Structure formats: C-alpha cells, structure tokens
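Take a look at the structure set out below.
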Amino acid sequence: MERVGIIGGGQMGAGIAEVCAKAGVDVVVREVTQELAAAGEARIQKSLERAVSRGKLQQADAEAAMGRIRFTTDLRLMADRELVIEAIVEHEGLKVATFEELDGIVADDTIVASNTSSLPITRLSAAMSNPSRFLGLHFFNPVPVMALVEVVETLILDPEVAARAEAFVTEVLGKTVIRSKDRAGFIVNMLLVPYLTEAIRMFEQGFASKEDIDTGMRLGANHPMGPLQLCDYIGLDTMKLVADVLFEEFKSPQYAPPPLLSRMVEAGLLGRKSGRGFYDYS
Ligand code: 3HC
C-alpha cells in the first residue's frame, strides 16, 4: 500500500499521517477548512521537529516525510488512494455523512477504515456500498509513540482485506496489532474507559484528591500517567463521547459518564486542548 488518505488532521489524524509519511507512504490529509488543514500541517511539523531535536530523526528524513504529505479540503483527492483512514470527531452522524460522500469517490478495491474510539464498525460500514472492505483501525495517542493498533473485524469483513490492512500496519508502520470483534469500545477502551470514569467518580465523591488518585496509579501501578491526567490528555469531550457509546451499547451503569465529566465538557473544560481540565495547562 503506497497511497494512503487520512480524513481529519486533528490529534489522531495528524499522528497517523506522520507515521505513514515517515514509513515512506504518500499521504493525503483532508480537513474541512483551510485553517484546520494548516493546523494539521503545523501539528505534524511540530512533532517531526520534536523527533529531530531528540535525535530520533534526521532533519533530511523529517523534510522528506513532510514532503510526502499533501493537505486538502477536497475529499475527491481520495480517489487514487489504496487505503483511506477516517479520523474525524467521534460523532456517528458526521462519520456516516463522510463515508457516504467518500463512497462515490474511492475505487471499488479501496480499503476504508475508521479510527473510531468506540463506535461499532458495522454501523459505520453501512454507509459504504461495499461494507466487506470496511474495518476498524484504532490507533492510540500519541500515535508516533504508541505501539498498538486494534484491527476491528465486522461479521462481513473480507478476511483478505483484514490481512492486507494488518500487514500494512505491522510491516510498514511497525506497530503491533491486536484483533477485536466489533462491539463498542473494542478491547482497550472497553477496559480503559470504565477505569478512567471510576477515577472521575472517586474524585467527584471527594474520596481522594486528584493528585493522590494520579500519584496512586503512577507509582502504585507504574502507569505513565494517572487516570485524571490521562483523561485530560485524551480530551474530556472524547472521553464523554466514548462513555456515551459504551453506555448505549451495554446499558450498564459502569459505563455511564459521571455527572462531573458531563458538566466539565459543557463548561468547555476539555483538558489539555482547551488549557484546562482536571489540571490547569495555561
Ligand atoms: N508525539 C511524538 N512523540 C511524543 C509525543 C508526541 N505527542 N509525546 C511524547 N513523545 C515521545 C517523546 O519524544 C519521548 O521520546 P524519547 O523518550 O524517545 O525521547 C517519549 O515520547 C516520552 O516523552 P516525554 O519524555 O516528553 O514524556 P513522558 O515520558 O511523560 O511520556 C507519554 C509522554 C508518551 C504521552 C506518556 O505519558 C504516555 O505513554 N502516556 C499514556 C498515553 C496513553 O495511555 N495513551 C492512550 C490513550 S487512549 C487512546 O488513545 C484511545 C482513544 O481511543 C481514546
């Protein structure tokens, strides 16, 4: 697979585009406005500069990687792509509308994937005329650092498509793949999100301070970040959307978003991206 398209140039889309370009793949990133496309480009540029400054990447390789990425607002540039990965906001309606538009553009044999954190892949695949070529490719944030990709299989996925996608992710991108059946949250978020929301509940109930909750899991379980730090890192809006999807799927209180999470999102306290969440980043 030599030509990949990424829909969405946010935190995840930019990260996926970066790892593809560093692996020598020709990449087109589509954003909805010129401003968002420029922001996606700046995000990748900054990440590559960081890798150069840490001695992990040669300047010439960073420039070559940047040279392999084109940014556009025109979805029609996906027409010659062999693999298209959608990484837009975690909103089912917007994703479905994007896939419906994409369906009229891509070739019959193009593999289409969603990087959704939690939405059932089968529901998204219904937007395409050939759902057997549609799968979940779930990357983790920060994409250049995190070694894992979940390959999510629907009941109607063509096994050859899954094998090609897996080969691309492992052999070209150098990631480790785990395979998940298609249910909300897949493997990792099904386990991670209840843990994170439980930490929010613990803080909300005044059981412990946020610092102690985070220190507890950093030093007591050797996690790189405490749960409330990780919520801020993921983005509280994304956390809420994922918890909503899990709750809708399983109808179990353990997946319900805690009221504090909802209030924080409504107040615009989204974590690092907005400058304030459980912690202040200003
Ligand atoms: N892009 C590229 N590289 C980055 C990076 C980024 N955004 N952030 C950190 N790095 C690299 C650094 O360059 C450094 O590399 P080096 O050691 O080779 O020089 C290394 O990562 C460590 O970075 P730092 O020393 O700056 O900071 P930390 O040691 O605190 O690590 C972290 C930062 C990698 C983010 C670490 O805290 C971590 O792994 N946190 C947990 C992340 C996690 O759990 N992600 C999953 C979220 S859930 C998800 O994505 C699913 C979704 O569906 C919700």
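Here the structure is a predicted model, which means the values were calculated and not measured. Whatever order the structure lists ligands and atoms in, that order sets their numbers, starting from 1. Worth knowing before you read on, the calculation uses all heavy atoms, side chains too, and leaves out hydrogens, waters and symmetry mates.
A donor and an acceptor atom, one from each side chain of S180 and E150, are nowhere located under 3.5 Å apart. At a cut-off of 3.5 Å, with distance as the only test, no side-chain donor of S118 or N189 sits close to an acceptor on the other residue. Between the side chains of S282 and D280, at least one donor-acceptor pair of N or O atoms lies under 3.5 Å.
Listed by chain and number, residues touching ligand 1 at under 4.0 Å (heavy atoms only) are S47, R50, R54, K56, S117, H138, F140, N141, P142, P144, V145, M146, N189, L192, P224, M225, L230, Y233, I234.
Checked against K95 for a salt bridge (Lys or Arg N to Asp or Glu O under 4.0 Å), the options E100, E101, E86 give a single hit: E86.
Cluster note: F134 groups with I7, V28, L75, L77, M78, V84, I88, V89, L94, V96, F99, L102, I105, V106, V112, L119, I121, L124, M128, V152, F186, V245 through ILVMFWY side-chain heavy atoms spaced under 4.5 Å, whether in direct contact or through intervening members.
In this structure, V143 and F139 approach most closely via the heavy-atom pair CG1-CD2, 3.8 Å.
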